[in-house]
Amino acid sequence: GQNRDRTRADSPKNITVSVSPSGPVPENSNVTLTCSSNANPAVRNYTWYRADGDQEALIGTGHTLNITVSTINNNFFCKATNTVGFKASINLQIDIQYSPKNVTVSVSPSGPVPENSNVTLTCSSNANPAVRNYTWYRADGDQETFIGTGSSFNVTVSKVKSSFFCKATNALGCERSRNLQIDVQYSPKNVTVSVSPSGPVPENSNVSLTCSSNANPAVRNYTWYRADGDQETFIGTGSSFNVTVSKVKSSFFCKATNALGCERSRNLQIDVQYSPKNVTVSVSPSGPVPENSNVSLTCSSNANPAVRNYTWYRADGDQEAPIGTRSSFNVTVSKVKSSFFCKATNALGCERSSNLQIDVQYSPKNITVSVSPSGPVPENSNMTLTCSSDANPAVRNYTWYRADGNQETFIGTGMSSSIKVSRDTRALFCKAENEIGVGRSRNMQIEVQYPPQILLSSHCSSTQSQLNCSCETLGNPSPTIQWYLNELPVNHSKCEIFNQTLNRTILRSFFTLNQPHKKDRLTLLCRSFNSLGSASQQFCVSSQQISTEHRLLYPAIISTLAVLLLALLLYVFFIRAQKNPCKNKGHLTDENNTVAMSQPLTEEGNEEPNTTEECIYANADGLRGAENLHPANIAGPSSTDLPSSGPKNAEGGYEKSDKKGDENELIYSNVNWKKKSKKKKGEKSLDMNPPGRSYLKEKCMVRGVNRKFVSNAVEMGGLYAQVEPRNMRKEVGCEYVQVKFKEQSAMQK
């Protein structure tokens with residue numbers, strides 16, 4: 001039962017408030033109040049209150065509270081609340097020490113007293129600690145005269161000795177009372193006129209005149225007069241009087257009357273003046289001026305008294321920067337220094353002019369290029385360029401350029417321009433032109449993304465012990481290269497692969513295979529890919545091309561074939577030379593970098609070859625140069641041009657080998673032309689560009705590496721296009737191409 005009592009929930013008890021620091025504290029000090037209690041369950045909220053008599057004002061929450069105390073902010077309590085209820089502490093009265101406050105003076109007897117009577121003055125105040133000294137003073141205008149000490153003081157009052165005050169001092173400071181004006185009765189004295197506003201006043205302004213006097217009992221009647229030389233003109237009554245002043249209406253006086261007598265003031269001469277008005281700025285020369293020109297600014301105004309100071313400012317938005325003084329000022333103006341104003345100052349005040357905006361003309365500045373869409377863009381996509389500038393007069397012409405190194409290529413006009421980007425579109429800029437000049441933007445770098453392409457620098461070289469291949473690819477985003485050996489991804493444990501990043505768009509990969517002669521046939525594929533696409537390059541290598549034993553047989557085989565072909569060629573040449581000798585047509589560059597075996601291209605197999613024969617000479621060096629230039633060598637043919645696709649059908653670029661003894665050189669080609677036979681009924685004439693594409697499979701051996709090619713027969717027109725047959729009419733068509741080989745050793749003879 002006792003355990004149940006201990007855990008019984010109850011509202012907070014024994015609520016107390018403590019203060020730190022404890023004891024007396026100076027007024028306006030910061031103290032920390034802490035609320036403590038016993039509660040089960042625990043207190044979840046403390047609230048603080050200031051006690052103002054029967055009122056309580058919430059001032060904060062929390063277990064502790066920092067507060068600034070004063071004489072009226074020194075009584076506090078807190079409330080502790082848990083889930084059962086709440087309870088408040090008793091009030092904590094903090095001992096606040098302060099210098100004397102509410103210092104007042106009282107007089108006995110009170111009320112009006114005759115001039116030269118004796119009265120008793122008493123000084124009272126609130127202070128903690130208590131006041132230790134009282135001192136008395138007579139107020140004589142702005143002067144104060146010490147007259148005695150003590151909380152009470154006896155004095156003889158008069159008209160000029162009727163205002164008193166006291167000072168109360170304790171350990172913390174000193175405070176004075178207000179002046180006590182004892183009601184000493186007398187006829188009006190010291191009658192004066194004041195004007196509001198005081199001092200010089202603007203002409204034709206309304207001013208308020210006030211008549212003041214010392215009188216007791218109080219003045220019962222004030223009368224106003226305008227002084228016109230020796231004449232005085234009654235204009236109104238009342239202690240205050242409103243009047244419109246001018247140059248001829250500026251001198252006034254009043255009379256004050258009470259039960260004891262009447263007194264008049266002196267004449268008040270009002271100085272009708274005004275601060276600078278109609279402040280304006282003029283510029284010479286007027287009208288538009290070129291940037292960096294010198295102009296003269298002049299500040300003018302009306303003022304009384306005269307303007308004593310002119311100051312000049314340049315307006316920069318909400319800022320104003322002082323730039324000089326004097327009524328005239330010379331300044332160099334520019335685009336950012338074109339708005340000015342002046343201030344005119346006299347004894348009465350200061351007035352500023354409105355801003356003078358000088359029409360400063362300048363060539364286009366701050367020229368910028370924005371692009372939409374922003375960020376990387378795919379190749380061949382459209383983008384909008386916008387040229388912005390600041391110019392006066394306005395831009396009349398925008399022109400767009402592509403930056404090609406140190407060259408700039410014009411691409412269009414207009415503030416906005418739409419273009420189709422390509423991989424060559426890297427940096428663009430615009431020029432803005434107005435009547436003053438031309439400005440140029442910075443280059444806007446455009447990141448164009450495109451699928452990868454394999455460069456013609458990709459190649460293979462082989463020895464008996466090692467096959468070395470390199471694959472170089474271009475793409476954005478940066479491409480990745482994967483090697484395939486015999487249609488399988490290459491394992492690094494079996495081969496050596498090293499990737500080298502040449503720049504952010506070009507990657508070069510090196511492939512090394514040891515002892516390639518142990519394999520009958522190798523098919524090596526380099527595949528490059530990024531997020532936009534892929535490209536492949538295939539290298540076909542046979543063990544016979546690597547074997548030393550087989551390489552020794554190549555010269556004998558090639559020599560035998562060359563002799564047979566040469567004999568056949570001489571026979572054909574002898575027969576046809578009798579009718580139409582061959583003419584040298586110059587060098588031929590093959591479009592597909594292949595050396596094709598002789599193969600007739602005829603549509604009708606029973607037609608006889610034409611006796612007319614054209615010779616086409618092709619230089620092997622020319623062929624090698626052509627393959628370095630022709631775009632077809634950058635990557636293999638499109639899959640749409642091939643009978644089938646995949647690594648087995650992929651085409652590669654020109655390959656080189658260290659073996660020179662196996663090279664065959666193309667010496668020349670004979671093109672035989674045949675007149676078409678007259679069309680028989682139902683027969684079709686030969687079409688140089690048949691609508692359906694046929695494919696010519698070619699196999700070449702160039703510098704020790706076999707490569708497969710699948711070339712569209714229509715593309716062979718590139719071979720024929722460079723030959724102009726003599727006396728050829730519309731009915732003449734190409735029948736076949738005969739390509740003859742000759743050993744390089746025979747060429748050297």
Side-chain angles (χ1 to χ4, degrees), residues 291 335 361-458 472-479 501-508 528 530-533 535 589 591 593 625-635 638 653 718 721:
E291 188 174 26
K335 168 186 173 295
Q361 295 192 334
Y362 49 90
S363 60
K365 298 177 181 293
N366 304 322
I367 303 171
T368 58
V369 175
S370 60
V371 61
S372 177
S374 59
V377 293
E379 187 177 25
N380 297 322
S381 62
N382 290 322
M383 69 187 327
T384 300
L385 306 171
T386 302
C387 190
S388 304
S389 69
D390 183 10
N392 186 24
V395 172
R396 65 183 179 188
N397 188 28
Y398 290 97
T399 52
W400 291 93
Y401 298 86
R402 183 176 67 248
D404 302 317
N406 295 326
Q407 300 295 322
E408 54 186 52
T409 304
F410 172 78
I411 58 174
T413 61
M415 184 176 180
S416 295
S417 177
S418 294
I419 65 168
K420 179 177 288 187
V421 297
S422 67
R423 67 190 64 187
D424 295 329
T425 309
R426 295 187 179 90
L428 302 169
F429 66 91
C430 68
K431 291 182 180 180
E433 179 184 8
N434 67 359
E435 297 172 0
I436 307 299
V438 179
R440 178 191 190 280
S441 72
R442 292 184 178 181
N443 288 353
M444 167 64 74
Q445 297 294 331
I446 298 176
E447 183 179 354
V448 180
Q449 294 188 335
Y450 48 89
Q453 289 182 326
I454 296 178
L455 303 182
L456 55 86
S457 56
S458 302
E472 192 166 328
T473 181
L474 169 69
N476 189 24
S478 182
T501 301
L502 302 184
N503 57 43
R504 63 188 304 270
T505 60
I506 299 179
L507 176 66
R508 180 185 293 164
S528 171
N530 63 10
S531 59
L532 300 181
T589 301
E591 293 184 350
N593 301 324
E627 70 183 9
N628 290 332
L629 296 174
H630 199 281
N633 288 319
I634 297 178
S638 172

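A 4.5 Å side-chain heavy-atom check between R508 and I506 finds every atom pair outside the cut-off. Within the 4.5 Å cutoff, no side-chain heavy atoms of V371 are placed close to those of L428. A heavy-atom distance below 4.5 Å is found between the side chains of Y450 and L474. Put simply, the side chain of Y398 reaches to within 4.5 Å of the side chain of S389, judged on heavy atoms. Looking at V369 and W400, their side chains come closer than 4.5 Å, going by heavy atoms from C-beta outward. Counting heavy atoms from C-beta outward, N476 and E447 have side chains that approach closer than 4.5 Å. Contact check for Q449 versus N530: no side-chain heavy atoms found under the 4.5 Å cut-off.
Partners of R440 by salt bridge (Lys or Arg N to Asp or Glu O under 4.0 Å), not counting sequence neighbours: none found. Residues satisfying the side-chain contact (heavy atoms from CB on, under 4.5 Å) test with T368, not counting sequence neighbours, are S388. Under the side-chain contact (heavy atoms from CB on, under 4.5 Å) criterion, E433 pairs with R396, N397, V438, not counting sequence neighbours. Contacts of E435 classified as salt bridge (Lys or Arg N to Asp or Glu O under 4.0 Å), with partners at least two apart in sequence or in another chain: none. For Y362, there are no ring pair (Phe, Tyr, Trp, His ring centres under 6.0 Å) partners two or more places apart in sequence or in a different chain.
Summarising the geometry, atom CG belonging to N406 is positioned 10.5 Å from atom CD belonging to E408; distances are rounded to the nearest 0.5 Å. Put simply, CD1 on I436 and CD on Q361 are 5.0 Å apart, with the number rounded to the nearest 0.5 Å. Note that OG1 of T409 and CG of D404 are 4.0 Å apart. Values are rounded to the nearest 0.5 Å.
Every pair passing disulfide bond (SG atoms under 2.5 Å apart) that includes a residue from residues 397-450 is listed here, sequence neighbours excluded: C387-C430.
Of all heavy-atom pairs spanning G437 and P364, the tightest one is O-CD, 3.4 Å. Minimum interatomic distance between S381 and V377 (heavy atoms only, all atoms of both residues): OG-CB, 3.8 Å. The two atoms that bring S531 and P477 nearest to each other are OG-CG, 3.5 Å, heavy atoms only. In terms of heavy atoms, T473 sits closest to P452 at OG1-CB, 3.7 Å. Minimum heavy-atom separation, P378 to V448: C-CG1, 4.3 Å.
Residues N382 and S418 have side chains that never bring a donor and an acceptor to within less than 3.5 angstrom of each other.
Under the 3.5 Å distance criterion, the side-chain polar atoms of S458 are matched with a main-chain donor or acceptor of E472. At least one donor-acceptor pair under 3.5 Å links the side chain of N503 to the backbone N or O of T505. Judged by distance alone, with hydrogens and angles left aside, the side-chain atoms of E291 form a donor-acceptor pair with the main-chain N or O of K335 at under 3.5 Å.
The aromatic rings of F410 and Y401 lie perpendicular to each other, with more than 60° between the two planes, well past the 30° mark.
For CD of Q407, the number of neighbouring non-hydrogen atoms (other residues, nucleotides, ligands) closer than 6.0 Å is 12 at most.
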